[in-house]
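Inspection log for the structure reproduced underneath, given as structure tokens.
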Amino acid sequence: MTIMRSAFAALWREKWLWLLQTLMLAAGIAGLYYWLGLPVATTTDLLLHAVIALVLIALAVAAVWLTIRRMGAVPYRAAAASPVFWLALLIGLFAGLFLPYVLIQWTGVFQSLRAQFASAIVRFTLAGSLFTGALLWAHACGVAAGKEE
């Protein structure tokens, strides 16, 4: 349990990284939504597809690079040997995949379109924060497991 507590402390210390990762995820989803809606009629359209795909890949690489730079690299052998790391990874998968899915799928009954829109914004923001927080927490658990070895 020391691994999980130290991972939570590391995640809280890096709350600006967590916010940045959530914003990068939002930018990536918006870019993917735009990319999927582009026609492929001309060479220019195809070139725009390639450029946006490269930007999306660059966002993912930048997110991983920032995480390793700010939180340290995960020593994979030490993390794989720790059963607490695997438990933390399962908890992170649940919190990072299942809970955001439930949040996004839930739709409340609201009387106005503005209230539904506001609810969607809050739900998608919370889902993105849960997803990125779980990823960063799992990374921090791996780093903490490596430090205990």
Side-chain angles (χ1 to χ4, degrees), residues 1-74 76 79 82-145:
M1 291 304 187
T2 308
I3 292 173
M4 292 186 197
R5 271 187 271 136
S6 62
F8 273 122
L11 184 61
W12 184 249
R13 277 192 311 271
E14 297 296 336
K15 55 187 163 278
W16 291 111
L17 176 64
W18 188 0
L19 177 66
L20 181 63
Q21 297 280 1
T22 304
L23 292 174
M24 289 173 80
L25 177 67
I29 289 173
L32 184 62
Y33 181 76
Y34 180 71
W35 183 72
L36 289 172
L38 283 175
V40 190
T42 65
T43 307
T44 308
D45 294 334
L46 189 60
L47 183 64
L48 192 56
H49 266 278
V51 168
I52 293 174
L54 288 175
V55 167
L56 293 175
I57 291 169
L59 269 173
V61 168
V64 171
W65 179 75
L66 279 171
T67 302
I68 290 172
R69 185 169 173 232
R70 297 283 299 271
M71 299 179 97
V74 175
Y76 290 102
S82 172
V84 177
F85 169 72
W86 291 107
L87 176 67
L89 194 60
L90 286 175
I91 292 169
L93 280 174
F94 175 77
L97 295 176
F98 179 72
L99 293 179
Y101 175 77
V102 170
L103 269 173
I104 289 171
Q105 292 297 319
W106 177 79
T107 53
V109 180
F110 297 105
Q111 298 298 323
S112 71
L113 187 60
R114 287 182 181 172
Q116 287 179 354
F117 183 69
S119 168
I121 288 174
V122 169
R123 288 183 292 117
F124 275 77
T125 303
L126 284 175
S129 296
L130 277 171
F131 179 74
T132 55
L135 284 177
L136 289 173
W137 183 67
H139 182 88
C141 284
V143 172

Just do the side chain to side chain contact (heavy atoms under 4.5 Å, CB included) check on Y34 and L56 with the steps written out, would you? CA-CA 11 Å; Y34 180 71; L56 293 175; over 6 Å; no
[X] vs [Y] side-chain heavy atoms within contact, under 4.5 Å:
X	Y	answer
I121	F117	yes
I91	W137	yes
T132	M24	no
I68	H139	yes

Please evaluate residues E14 and T67 with respect to the criterion side chain to side chain contact (heavy atoms under 4.5 Å, CB included), reporting the C-alpha separation (whole Å), side-chain torsions for both, the decisive distance (0.1 Å), and the verdict. CA-CA 9 Å; E14 297 296 336; T67 302; over 6 Å; no
Report the relative orientation of the aromatic rings in F94 and F98; use parallel for angles under 30°, tilted for 30 to 60°, perpendicular for over 60°. parallel
Partner of L126 by side-chain contact (heavy atoms from CB on, under 4.5 Å), out of T22, L99, L103: L103
Spacing of [atom1] belonging to [X] relative to [atom2] belonging to [Y], to within rounding of 0.5 Å:
X	Y	atom1	atom2	answer
L136	S129	CG	OG	10.5 Å
L36	I52	CG	CD1	10.0 Å
L130	L97	CG	CG	10.5 Å

Minimum heavy-atom distance [X]-[Y], with the two atoms named:
X	Y	value
A138	F85	O-CE1, 3.7 Å
A95	P100	O-CD, 3.2 Å
A134	G96	CB-CA, 3.5 Å
A140	M71	CB-CE, 3.6 Å

[X] side-chain N/O to [Y] backbone N/O, donor-acceptor pair under 3.5 Å:
X	Y	value
S119	A115	no
W18	W12	no
Q21	G133	no

Looking at W106, I'd like to know if its CH2 atom is crowded, meaning that more than 12 non-hydrogen atoms belonging to other residues, nucleotides or ligands lie closer than 6.0 Å. yes
